[in-house]
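In each ligand, atom 1 is the first atom listed, and ligand 1 is the first ligand listed.
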Amino acid sequence: MDEKKLLKVFQETQKEIMDVDELSQYMEKEKIMRTALWLSGKKLVDIIENKESIAVLTEEGNRVLEKGLPERRIAKYLKENNLNSIPIKDLKNILDKDEINAALGNLKKKGIAKIEKGNIVFETLDYEDEEEILLAKIKENPHLNSYNEKERKIIENLKKRGFLKIDEEVERKIKLTEKGKEYIKNPIEIKEEITQLTREDIIGGRWREAYIRPYDVKIPVEEVYPAKMHPLTRIIKEIKEVLISMGFKEIKSPIVETEFWNFDVLFEPQDHPAREMQDTFFLKYPTEGDVPEDLLRKVKDIHEDGTINGLKISEGWKYKFDENVSKRTVLRTHTTASSIRYLASLSDEEKEKPHKVFCIGRVFRNEAIDYKHLPEFYQCEGIIMDDNVTFDNLIGILKEFLNRLGFEKVRFRPAYFPFTEPSLEAEVYLEGKGWLELLGAGMFRPEVLEPLGIKKPVLAWGIGFSRLAMLKLGLTDIRDLHKNDLDWLKRV
Ligand SMILES: N[C@@H](Cc1ccccc1)C(=O)O
């Protein structure tokens with residue numbers, strides 16, 4: 001209906017081309033462009049855009065218009081006080097500090113006053129100032145192309161002085177095409193139109209007579225940015241949904257961890273290089289954490305000589321285990337600490353049942369910050385405990401998991417972790433980037449499971465989640481994940 005209305009305006013005014021201002025006498029302004037776009041899609045009109053520079057007075061410029069330029073304010077002051085000169089040092093009573101220098105310079109440049117022995121001496125107090133005149137003119141007519149060269153120079157100066165800024169304005173005209181001209185030769189009948197079908201329309205039968213307007217989803221509209229979750233939160237949610245749909249249950253564990261849970265229980269020897277300063281954040285407060293004594297003894301035996309309750313199951317690491325090291329506190333370096341805490345928490349009865357759990361959380365490593373390293377990042381970790389689960393099952397599950405996260409090509413290669421055997425690393429293929437390492441996995445070693453009294457095999461995997469988030473969001477710098485750049489957040 002609006003389209004017909006607009007064409008009817010052309011028909012009645014017998015004009016061929018009209019701008020938005022003219023048309024707004026006949027139609028609401030917001031509707032004009034939308035309607036014109038629709039008509040131009042039907043080749044009935046052309047939209048002609050004209051970019052034009054306009055000068056807009058700044059807040060300061062408006063003030064000047066009201067009170068005069070700083071140099072004028074000096075002149076006014078002198079006039080009111082029947083003077084024709086003033087010491088420079090007294091200017092601070094009339095002007096702001098930052099106006100003084102410019103005012104002095106301009107008085108001299110414009111030949112309005114001279115400076116003699118620290119005094120400003122005016123030739124005349126009633127002078128015309130081109131800058132003031134032009135400022136007033138621009139307020140009336142901001143279109144730059146209506147000013148001549150000399151005026152433009154002045155405008156340039158007003159801009160430098162901060163009284164104006166130059167903006168670009170797009171002027172749009174709507175012009176009938178040949179097809180449009182043909183169309184308006186015939187009478188235009190405007191029928192009642194339904195844009196939103198209501199219950200009353202349906203019951204009352206109005207739908208039968210009125211024209212029901214179809215949607216045109218191609219009409220450009222202003223972009224809107226609805227409120228949304230941070231992309232990282234969104235991906236965490238997505239991963240959780242995938243894992244929950246695969247039958248996993250979520251677990252959590254503390255960020256401040258003892259070396260015992262972060263390393264010892266995982267059969268990482270106490271002199272393992274990963275514990276060294278460069279990787280682990282050791283905490284000053286609290287210095288020590290609680291460690292279950294019974295388990296501590298078992299873990300100590302396994303580390304020292306590979307025995308469990310006096311039974312030798314492994315070579316062990318053959319060194320002197322230090323219980324004080326176990327109690328030291330660290331920021332957890334991996335979420336495997338959560339998995340192992342979960343296994344240790346199972347009662348005898350629960351140990352008879354199968355378990356599938358996962359944990360997503362922050363982990364910390366003392367690494368130099370660069371495009372792919374942050375000292376704090378996310379990991380997502382999962383375990384499956386059940387009779388007869390095998391390494392093949394692990395590969396199958398990981399393939400499924402990675403596929404569901406949107407990675408189609410996945411490959412595995414052997415790897416080493418102190419707590420799993422066999423171990424593997426999974427890589428995913430990304431178009432244009434090649435193979436990228438994404439996760440580590442394996443079957444917990446007997447040295448890990450036996451002290452916990454777990455007899456069933458346990459599959460475990462840990463995924464570098466921040467990395468995954470980067471890949472999914474198409475970022476090349478991990479720092480961008482946390483920069484909270486609003487433009488990026490709006491779009492992503
Ligand atoms: N925790 C290991 C990943 C891993 C988890 C579970 C099993 C094997 C490996 C890491 O941080 O790199």
Quick one: which ligand 1 atoms are inside 4.0 Å of a heavy atom on [X]?
X	value
Arg365	10 (C), 11 (O)
Gly462	4 (C), 5 (C), 6 (C)
Trp461	5 (C), 6 (C)

Return the closest protein heavy atom for [atom] as residue, atom name and distance.
atom	value
atom 1 (N) of ligand 1	Thr336 OG1, 2.8 Å
atom 4 (C) of ligand 1	Gly440 O, 3.7 Å
atom 12 (O) of ligand 1	Phe417 CE2, 3.9 Å
atom 7 (C) of ligand 1	Ala460 O, 3.6 Å
atom 2 (C) of ligand 1	Phe419 CZ, 4.0 Å

(message) Show every side-chain hydrogen bond (donor to acceptor under 3.5 Å, both in side chains) that has at least one partner inside residues 482-492, sequence neighbours left out.
(response) His230-Asn484, Asp480-Lys483
(request) Name the orientation class of the two ring planes belonging to Phe263 and His334 (parallel below 30°, tilted from 30 to 60°, perpendicular beyond 60°). (result) tilted
(message) Yes or no: does Ser423 have any heavy atom under 4.0 Å from an atom of ligand 1?
(response) no
Side-chain atoms of residues 381-401: list all donor-acceptor pairs with protein atoms under 3.5 Å, sequence neighbours left out, distances to 0.1 Å.
from	atom 1	to	atom 2	distance (Å)
Glu381	OE1	Thr335	OG1	3.1
Glu381	OE1	Thr336	N	3.3
Glu381	OE1	Thr336	OG1	3.2
Glu381	OE2	Thr336	OG1	3.0
Glu381	OE2	Ser339	OG	3.4
Asp387	OD1	Lys456	NZ	3.2
Asp387	OD2	Lys456	NZ	3.4
Thr390	OG1	Asp392	N	3.3
Thr390	OG1	Asn393	N	3.2
Thr390	OG1	Asn393	OD1	3.2
Asn393	OD1	Thr390	N	2.8
Glu400	OE2	Arg404	NE	2.7
Glu400	OE2	Arg404	NH2	3.1

(request) State whether Glu427 and Arg413 are salt-bridged, where the test is any N-O pair (Lys NZ or Arg NE/NH1/NH2 against Asp/Glu carboxylate O) under 4.0 Å. (result) yes
(message) Taking the basic N atoms (NZ, or NE/NH1/NH2) and the acidic carboxylate oxygens, is any pair closer than 4.0 Å for Lys240 and Glu250?
(response) yes
